[in-house]
Amino acid sequence: MIALLDANNFFVSCERVFRPDLMNRPVAVLSNNDGCLISRSNEVKALGVPMGAPYIKYKDVLADHNVAIFSSHFTLYGDLSSRMMSLIESLVPKIEVYSIDEPFIDLSGIKNIEALCHHIRHTIWRSLGIPTSIGIAKTKTLAKVANYYAKRTPAFKSICYLDSFDRTELALKKISIGEIWGIGKQISKKLESQGVITAWDLKQVDPRCMRQQFTVVGERIVRELNGISCLAIEDVEDLKKSIQVTRSFGKPITNFYDLKAAIATYATRLGEKLRRQDLFTQNVSVFIRTNKHRPNDPQYSNSATVVLQKPINDGISLIKAASIALQQIYINGYTYSKAGIMAHELKPKGQNVQLDLFSNKFEEPLQSPELWEAIDNLNKRYGRGTLFSAACGKSLSWKDKKNLLSPSYTTRWDQIAIAFAR
DNA sequence: TCTGGGGTCCTAGGACCC
DNA sequence: TCTGGGGTCCTAGGACCC
């Protein structure tokens, strides 16, 4: 058996951990730039505010209902996530971290599955204050279905175990295909036109037909719904294949210098991410684009890739590479709204010493790793952006907005939570 | 008026090779 | 009056997920 544990409204729950006064008040968390809603408490969901809705469109409704609004605070969420994962790991033989708030748990060999799951939920609640739901079934896809019911059916008390054929049949008959893991908008539209409406319908489709229409991905879904496990619990954490930093601008950019400064800032952040994971990149791409939500404005979007002679992860080399890419694609006269930088061909430490036969032996030395460790430590201690390259510029008008940020309760000494006893 | 960011996996199709 | 066929590698783009 496989369990899928999922934190309820994770980002909202993280904000509530240090603000018990919000426990019974509606809460929502915004995307970058305070653009749209990406996490809603149950009360906000009940108001009919959809996931991903533009904040500004619902600002009044949210204010009318006294909803507490937060800018997204990924340092906080990431920290609470890793605490939650370690807790779970200490209680079970094997987990696979699937997303920031969801691990799959391998339950093979466990005797009293439900008791263990109750214990896991209780431990997370008591130690972290995060509410969770657990779905249990024979395959990952079915565990996802079980989790769907665990969240929505109060009688289940947040745990749903699809332990029999009958229960599974009932569960599949009452859920539409669009709720199934891996079935998005396009595929459900196509399937519905063929009369496949519920997950139970989908379970009956010939897997070979699914493969023809929707590749092996579709075939696997049907098999998994039939209780045949096609997606194993991944043992080793795979090496990441790409790392990116992309942002919409707080204000649109119309000149090269601001764009260059933005790209340099993203390149700096990319370097931090690479160094934190001890990774190097040999392939840096940059993209820029105008606002695609304004079809009447002149549209332009392009990207360029720079392939490097040797793997890098220091800020200066990344900024240099990114600037070269940017120069190749920049066209004057457009209003840019978004840009990003991506690193591909990631290589772990140690693999970066390989010498290219045809490259000059006496190339300039790699930027000193000690220097970058010192810079990272300073920025970690005194806040991101304490020390940065002049290429990132001083004008911050294009920077993203985060007007409603909560304190860094768990990662900054100067913002640690304070409790008062009365 | 505004509408996120960071990932993965899969396929088609072109280039190239023998 | 015919112009192979099989294989690999790479990239762009689509679809999906949280």
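The sequence lines fix the lettering, A, B, ..., with proteins before strands; numbering per chain opens at 1.
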Exercise for the section: Output yes when at least one side-chain N/O atom of A:Ser248 is less than 4.0 Å from OP1 or OP2 of B:dG5, else no. Expected result: yes

Problem - Within-4.5 Å side-chain heavy-atom neighbours: A:Leu318 and A:Asp314 - result: no

Problem - B:dG4 phosphate, OP1 or OP2, under 4.0 Å from A:Asn33 side-chain N/O - result: no

Practice task
Quick one: label A:Ile221 by what it contacts on the DNA or RNA (base, sugar-phosphate, nothing), any heavy atom closer than 4.0 Å.
Solution key: nothing

Exercise for the section: Measure the distance from CD on A:Glu345 to C1' on C:dC9 and round it to the nearest whole Å. Expected result: 13 Å

Problem - Per A:Lys241 side chain, nearest of listed nucleotides B:dC10, B:dG4, B:dT8 - result: B:dT8

Handout entry: Nucleotide nearest A:Cys36 when distance is taken to its side chain, options B:dG4, B:dC2, B:dT8
Key = B:dG4

Problem - Length of the NE2-C1' vector between A:His344 and C:dA12, whole Å - result: 12 Å

Fill in the blank from the handout: Heavy-atom nearest nucleotide on DNA chain B taken for A:His293 and for A:Thr215; more 5' hit belongs to A:His293

Fill in the blank from the handout: When rounded to whole Å, the CD to P distance for the pair A:Gln186 and B:dC10 reads 19 Å

Exercise for the section: Using whole Å, report how far CD of A:Gln277 lies from P of B:dG6. Expected result: 13 Å

Problem - For C:dA12, the Watson-Crick or wobble counterpart (both distances under 3.5 Å) - result: B:dT11

Handout entry: Carboxylate-amine/guanidinium contact A:Arg40 A:Glu15, below 4.0 Å
Key = no

Practice task
Figure out the CZ/C1' separation between A:Phe249 and B:dG4, and round it to whole Å.
Solution key: 14 Å

Practice task
Using whole Å, report how far CE of A:Met51 lies from C1' of C:dC17.
Solution key: 11 Å

Exercise for the section: Name the closest nucleotide to the A:Lys273 side chain, picking from B:dG6, B:dC2, C:dC17. Expected result: B:dG6

Exercise for the section: Measure from the side chain of A:Val217, starting at C-beta and using heavy atoms only, and say which of B:dG5, C:dC18, B:dC10 lies closest. Expected result: B:dC10

Completion exercise
Picking from B:dC9, B:dG5, C:dC16, the nucleotide nearest the side-chain atoms of A:Ile187 would be C:dC16

Completion exercise
Rounded to whole Å, CG of A:Leu231 lies from P of B:dC10 at a distance of 10 Å

Practice task
Considering only atom C1', compute the distance from B:dC17 to C:dG4 and round it to an integer number of Å.
Solution key: 14 Å

Exercise for the section: Consider the side chain of A:Arg247, meaning its heavy atoms from C-beta on, and name the nucleotide among B:dC2, B:dC10, B:dG5 that approaches it most closely. Expected result: B:dG5

Problem - Salt-bridge present (A:Lys157, A:Glu114; N to O < 4.0 Å) - result: no

Practice task
May I ask you to say what A:Ile100 touches in the nucleic acid, namely base, sugar-phosphate or nothing, with a heavy-atom cut-off under 4.0 Å?
Solution key: nothing

Handout entry: Distance below 4.0 Å between A:Lys338 side-chain N/O and B:dG5 OP1 or OP2
Key = yes

Problem - Distance test, side-chain N/O of A:Thr246 to OP1/OP2 of B:dG6, below 4.0 Å - result: yes

Exercise for the section: For B:dG6, take OP1 and OP2 only and decide whether either is under 4.0 Å from a side-chain N or O of A:Ser242. Expected result: no

Exercise for the section: Would you classify A:Lys401 as touching base, sugar-phosphate or nothing, given that sugar-phosphate means primed atoms plus P, OP1 and OP2, and contacts are heavy atoms under 4.0 Å? Expected result: nothing

Problem - Interatomic distance, A:Met210 CE vs B:dT11 P [rounded to whole Å] - result: 13 Å

Handout entry: Which nucleotide in B:dG5, B:dC2, B:dT3 has an atom nearest any side-chain atom of A:Ile56
Key = B:dC2

Handout entry: Short N-O contact, A:Glu272 and A:Arg276, less than 4.0 angstrom
Key = no

Exercise for the section: Please tell me which of the listed nucleotides, B:dC2, B:dG6, C:dC18, lies nearest to the side chain of A:Glu102? Expected result: C:dC18

Exercise for the section: Kindly point out which of B:dT11, B:dG7, B:dC2 is positioned nearest to the side chain of A:Pro54? Expected result: B:dC2

Practice task
Quick one: label A:Tyr98 by what it contacts on the DNA or RNA (base, sugar-phosphate, nothing), any heavy atom closer than 4.0 Å.
Solution key: sugar-phosphate

Practice task
Using modelled atom types only, decide if a donor and an acceptor are shared between the side chain of A:Ser71 and the backbone of A:Leu404 within a distance under 3.5 Å.
Solution key: yes

Practice task
For C:dC16, take OP1 and OP2 only and decide whether either is under 4.0 Å from a side-chain N or O of A:Lys185.
Solution key: no

Practice task
Check every atom of B:dG4, B:dC10, B:dG6 against the side chain of A:Ile38 and return the nucleotide holding the closest atom.
Solution key: B:dG4

Problem - N-O pairing of A:Glu234 and A:Lys140 below 4.0 Å - result: no

Practice task
Over 60° means perpendicular and under 30° means parallel, so classify the ring planes of A:Tyr266 and A:Phe249, tilted if in between.
Solution key: parallel

Practice task
Name the nucleic acid region contacted by A:Ile183, choosing base, sugar-phosphate or nothing; use a 4.0 angstrom heavy-atom cut-off, strictly under.
Solution key: sugar-phosphate

Exercise for the section: Keeping the roles fixed (side chain from A:Asn33, backbone from A:Ser248), state whether a donor-acceptor pair exists under 3.5 Å. Expected result: yes

Practice task
Tell me whether the OP1 or OP2 atom of B:dC10 has a side-chain N or O from A:Arg220 closer than 4.0 Å.
Solution key: yes

Exercise for the section: Using heavy atoms to find the nearest nucleotide of DNA chain B for A:Lys57 and A:Ile243 separately, return the residue whose nucleotide is more 5′. Expected result: A:Lys57

Handout entry: Under-4.0 Å side-chain N/O to phosphate OP1/OP2 contact, A:Arg294 with B:dC2
Key = yes

